[in-house]
Amino acid sequence: MTEPTRWVTETGDDHSQWYIDRFRRMAAEGKDLVGEARLVDAMVPRQARILDAGCGTGRLSGELHARGHTVVGVDADDALVTAAGQDHPGPRYAVADLSELTLEMLGEAEPFDAALLAGNVMVFVAPGTEVQVLRSVRDCVTREGFLILGFHVDRHLSLQEFDRHAADAGLWVEHRFATWDLRAWHDDADFAVTVLRRAGV
């Protein structure tokens, strides 16, 4: 890992366990934790190959696997990856820095149909690595595939900055929404869901 992510530098030593416990508690309470996966499932063909980049505790990897897709979940936090394997078995999980991610590193011969970056992943990457993260994830996806990302636009990364990073990574904005359930984008929204595709495709 080239430099620590904000997930490391801006949280305490017990943050990962707090995060794991939080999602286990919400799951036990019957909360809806898979809305992002429903959207991705609607966008890809049946039995698609999906990269869950910044998979956290595996809630979306597990749901997409249950819907018949081949899923690889990746996160830089080994505690979260361990919890993902325990709580949502089925997908394959790996510990990796998204800025250094390659198909070869993952042991994958074929690119993915789509990549999902939910849960404020772009807000938590290491400062200055945003373009490289987008490029690395892009290179793990087919030329016809897409990246879909969601993050709060009032934390570290503005939407204008994100769009510049996407363009620098050779990606263009195909769709933008204010929520994962596709409410229309508006300038006062504090959250953005964006679908990116390779430029020229």
Closest contact, heavy atoms only, Ser99 versus Gln132: O-CG, 3.2 Å
Is there a side-chain contact between Ile50 and Asp113 (heavy atoms, below 4.5 Å)? no
Gap between atom OG of Ser158 and atom CZ of Arg164 - 0.5 Å precision: 6.0 Å
Between Glu130 and His156, is any pair of side-chain heavy atoms under 4.5 Å apart? no
Of the non-hydrogen atoms in Ala118 and Leu60, which two are nearest, and what is the gap between them? CB-CD1, 3.6 Å
Is there a side-chain contact between Trp185 and Leu159 in this structure, where contact means two heavy atoms from C-beta onward sitting under 4.5 Å apart? yes
Using every non-hydrogen atom in the two residues, find where Ala189 and Ala178 come nearest and quote the distance to one decimal. CB-CB, 3.9 Å
Under 3.5 Å, side chain of Arg135 to main-chain N/O of Asp168, donor-acceptor pair present? yes
Heavy-atom nearest pair, Ser16 first then Ala79, reads CB-CB, 4.2 Å
Provide the full list of ring pair (Phe, Tyr, Trp, His ring centres under 6.0 Å) pairs with a residue in residues 20-75, sequence neighbours left out, each pair given once. Tyr19-Phe23
Is it true that a side-chain atom of Arg59 and a backbone atom of Ala27 form a donor plus acceptor pair closer than 3.5 Å? no
Rounded to the nearest 0.5 Å, what's the gap from CE on Met26 to CG on Leu33? Could you check? 5.0 Å
Nearest 0.5 Å, what's the NE2-CG distance between His165 and Leu171? 12.5 Å
Measure up the Phe191 and His152 rings against each other and bin them: parallel (under 30°), tilted (30 to 60°), perpendicular (over 60°). perpendicular
Where is the tightest heavy-atom contact between Asp75 and Gly56, given as atom of each residue plus distance? OD2-N, 2.9 Å
Out of curiosity, does Val131 fall in the hydrophobic cluster containing Phe124 (side-chain heavy atoms, cut-off under 4.5 Å, transitive links)? no
Starting from Tyr93, walk the hydrophobic network (Ile, Leu, Val, Met, Phe, Trp, Tyr; side-chain heavy atoms closer than 4.5 Å) and list everyone else you reach, by chain and number. Val81, Val95
Could you check if a side-chain atom of Leu51 sits within less than 4.5 angstrom of a side-chain atom of Leu101, using non-hydrogen atoms only? yes
Between Arg197 and Trp172, is any pair of side-chain heavy atoms under 4.5 Å apart? yes
Is it possible for you to check whether Arg49 lies under 6.0 Å from the centre of the six-membered ring of Phe112, through NZ or CZ, and within 45° of that ring's axis? yes
Are Leu196 and Arg138 side-chain neighbours, meaning at least one heavy-atom pair lies under 4.5 Å? no
Rounding to 0.5 Å, atoms CG (Leu64) and NE2 (His88) come to a distance of 11.5 Å
Is it true that a side-chain atom of Arg46 and a backbone atom of Val44 form a donor plus acceptor pair closer than 3.5 Å? yes
Derivation and outcome, side chain to side chain contact (heavy atoms under 4.5 Å, CB included), residues Thr179 and Val193: CA-CA 6 Å; Thr179 63; Val193 175; 5.7 Å; no
More than 12 heavy atoms of other residues, nucleotides or ligands under 6.0 Å from CD of Glu110: yes or no? no
With salt bridge (Lys or Arg N to Asp or Glu O under 4.0 Å) as the rule and sequence neighbours excluded, what pairs involving residues 149-161 come up? none
Count I, L, V, M, F, W, Y as connected when their side-chain heavy atoms are under 4.5 Å apart, and connections chain through other members. Are Val137 and Leu106 then in the same cluster? yes
Answer yes when Glu63 and Arg67 have at least one side-chain N-carboxylate O distance shorter than 4.0 Å, and no when they do not. yes
Is it the case that Thr82 and Gln86 place a side-chain donor and acceptor less than 3.5 Å from each other? no
Using side-chain heavy atoms (C-beta onward) and a distance below 4.5 Å, is Val40 in contact with Glu36? no
Atom CD of Glu100 and atom OG1 of Thr129: how far apart are they, to the nearest 0.5 Å? 9.5 Å
Would you say that Asp139 contacts Arg198 through its side chain, given a criterion of any heavy-atom pair below 4.5 Å between the two side chains? yes
If I take atom CG from residue Asp32 and atom CH2 from residue Trp180, how far apart are they, to the nearest 0.5 angstrom? 13.0 Å
Here the pair of heavy atoms bringing Leu98 nearest to Val74 is CD2-CG1, 4.1 Å
